[in-house]
2 protein chains.
Amino acid sequence: MDDCGNYKNYLNEHGMKSTKQRNLLLSILAKIQTPQTAEKLYLQAIKSDSSINLSTVYRVLEKFTEKNITIRTSFLDDKSVYSLYPKTHQHQLICMRCKKIVLLEHCPLEDFEKSVEESTHFSVVNHRLELYGYCRQCQKIIAMG
Amino acid sequence: MDDCGNYKNYLNEHGMKSTKQRNLLLSILAKIQTPQTAEKLYLQAIKSDSSINLSTVYRVLEKFTEKNITIRTSFLDDKSVYSLYPKTHQHQLICMRCKKIVLLEHCPLEDFEKSVEESTHFSVVNHRLELYGYCRQCQKIIAMG
DNA sequence: GTCTTAAATGCAAATAGTTTGCATTTGCAT
DNA sequence: ATGCAAATGCAAACTATTTGCATTTAAGAC
Ligand SMILES: [Mn+2]
Ligand SMILES: [Mn+2]
Ligand SMILES: [Zn+2]
Ligand SMILES: [Zn+2]
């Protein structure tokens with residue numbers, strides 16, 4: 001291929017071949033702020049590579065997630081969303097109406113984890129925290145009926 | 001019907017007709033300790049009422065969840081699971097090896113929620129918190145290799 | 001009790017996000 | 001360049017869940 005993209009070394013270091021589809025998806029993920037569905041990423045990708053296939057997007061994202069390059073999240077019935085694995089520990093605040101996601105940098109759980117370890121004799125190695133609510137716009141829309 | 005079940009008043013108070021399917025599912029949910037999939041509940045229900053239909057189970061659980069009688073949870077690809085809505089707000093500590101679940105009564109997030117509401121202008125109505133780790137026994141087993 | 005009516009159910013079919021089988025192409029090590 | 005495993009495109013399958021519709025049923029009025 002003429003230009004395998006900017007992520008060849010990165011991909012090879014993670015034990016993956018550098019393909020134009022993977023490079024493209026990495027570049028899209030790197031630009032994007034909020035987690036996106038596979039289909040949204042596919043629609044973005046198809047602008048640069050009209051032959052890319054939705055199955056490939058799913059397979060690439062699955063592989064990325066397996067390698068901890070991306071993270072996949074899902075809620076009840078909704079589609080899963082994918083984003084680059086966060087460099088720093090963070091949590092999500094999710095609007096239950098429009099599905100907007102705000103990232104929360106501060107984690108309030110360090111002391112709590114320690115106290116749980118003491119009281120339960122577990123070793124706590126991870127946690128999952130998501131807040132659910134309504135964003136300002138959706139609050140207004142809901143108030144109007 | 002001869003015997004509408006034990007939950008007639010309870011159901012009527014929640015604005016629902018008392019049907020044998022709903023009574024049966026409530027009695028199953030009340031007995032069961034861990035959250036179950038709709039299909040598991042259906043398989044349990046069919047023992048008492050061989051004519052109950054899986055669609056009905058889904059519809060009943062949807063209605064129960066809408067009334068906050070049950071809670072529905074799901075992880076990634078897995079099927080949703082349903083359980084009676086916990087009487088007290090609580091969280092889970094899950095052993096990643098043996099899948100044991102310890103319920104945590106104390107919630108450390110009240111102040112955090114308020115500060116998030118102030119900084120994001122969301123209204124926060126709910127949260128999901130799970131801790132992951134290893135129980136004492138599994139720690140020992142892992143240490144032994 | 002009977003009557004009335006909206007809600008609930010059974011059944012079959014549809015939905016939709018995601019996965020998979022398979023033929024073909026591609027990247028990478030030699 | 002060559003060979004081969006891995007990745008891709010395409011279409012079809014999968015599967016948890018939902019939905020349309022005809023029929024039954026519960027609750028309330030009489
Ligand atoms: Mn945290
Ligand atoms: Mn809490
Ligand atoms: Zn919103
Ligand atoms: Zn354990």
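Naming: A, B, ... by sequence-line order, numbering from 1 per chain. Both backbone and side-chain heavy atoms feed into the values below; hydrogens, waters and symmetry mates do not. Since the model is a prediction, treat every value here as computed from it, not as a measurement.
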In whole angstrom, give the distance that lies between atom NZ of Lys67(A) and atom C1' of dA6(D).
12 Å
Return the minimal non-hydrogen interatomic distance between Leu54(A) and Glu39(A), and the atom names on each side.
CD1-CA, 4.2 Å
For Asn53(A) and Ser51(A), which I'm curious about, is there any donor-acceptor pair between the side chains at under 3.5 Å?
no
Assess the side chains of His91(A) and His127(A): does a donor N or O sit below 3.5 Å from an acceptor N or O?
yes
If I take atom CG in residue Leu41(B) and atom C1' in nucleotide dT17(D), what distance separates them, rounded to the nearest angstrom?
15 Å
Separation of dA16(D) atom C1' from Glu39(B) atom CD, nearest Å, is 9 Å
Rounded to the nearest angstrom, tell me the gap between atom NZ in Lys40(B) and atom P in dT17(D).
13 Å
Are a donor atom and an acceptor atom from the side chains of Gln36(A) and Thr34(A) found within less than 3.5 Å of each other?
yes
Rounded off to whole Å, could you give me the CG-to-C1' distance for the Leu11(A) and dA29(C) pair?
17 Å
Just how far, in rounded Å, is P of dA26(D) from CG of Asn12(B)?
11 Å
Is Lys99(A) atom NZ crowded by more than 12 heavy atoms from other residues, nucleotides or ligands, each under 6.0 Å away?
yes
Measure the distance from NZ on Lys8(B) to P on dT25(D) and round it to the nearest whole Å.
16 Å
Could you give the NZ-to-C1' distance, from Lys79(A) to dT15(C), as a whole number of Å?
13 Å
Rounded to the nearest 0.5 Å, the CG atom of Leu24(B) sits from the OG1 atom of Thr19(B) at a distance of 9.0 Å
Could you check whether atom CD of Glu105(A) has more than 12 heavy atoms from other residues, nucleotides or ligands sitting under 6.0 Å from it?
yes
Would you call the rings of Tyr7(A) and Tyr10(A) parallel, tilted or perpendicular, taking 30° and 60° as the class edges?
perpendicular
Quick tally for nucleotides 3-11 of chain C: nucleotides whose base has a protein heavy atom under 4.0 Å get B, sugar-phosphate-only ones S, the rest -, giving ---BBSBBB
Is the distance from OP1 or OP2 of dT17(D) to the nearest side-chain N or O of Tyr58(B) less than 4.0 Å?
yes
Once the angle between the rings of Tyr58(A) and Tyr82(A) is folded into 0 to 90°, is it parallel (under 30°), tilted (30 to 60°) or perpendicular (over 60°)?
perpendicular
DNA chain C: stems of at least 3 consecutive Watson-Crick or G-U pairs, cut-off 3.5 Å?
C:1-30 with D:1-30
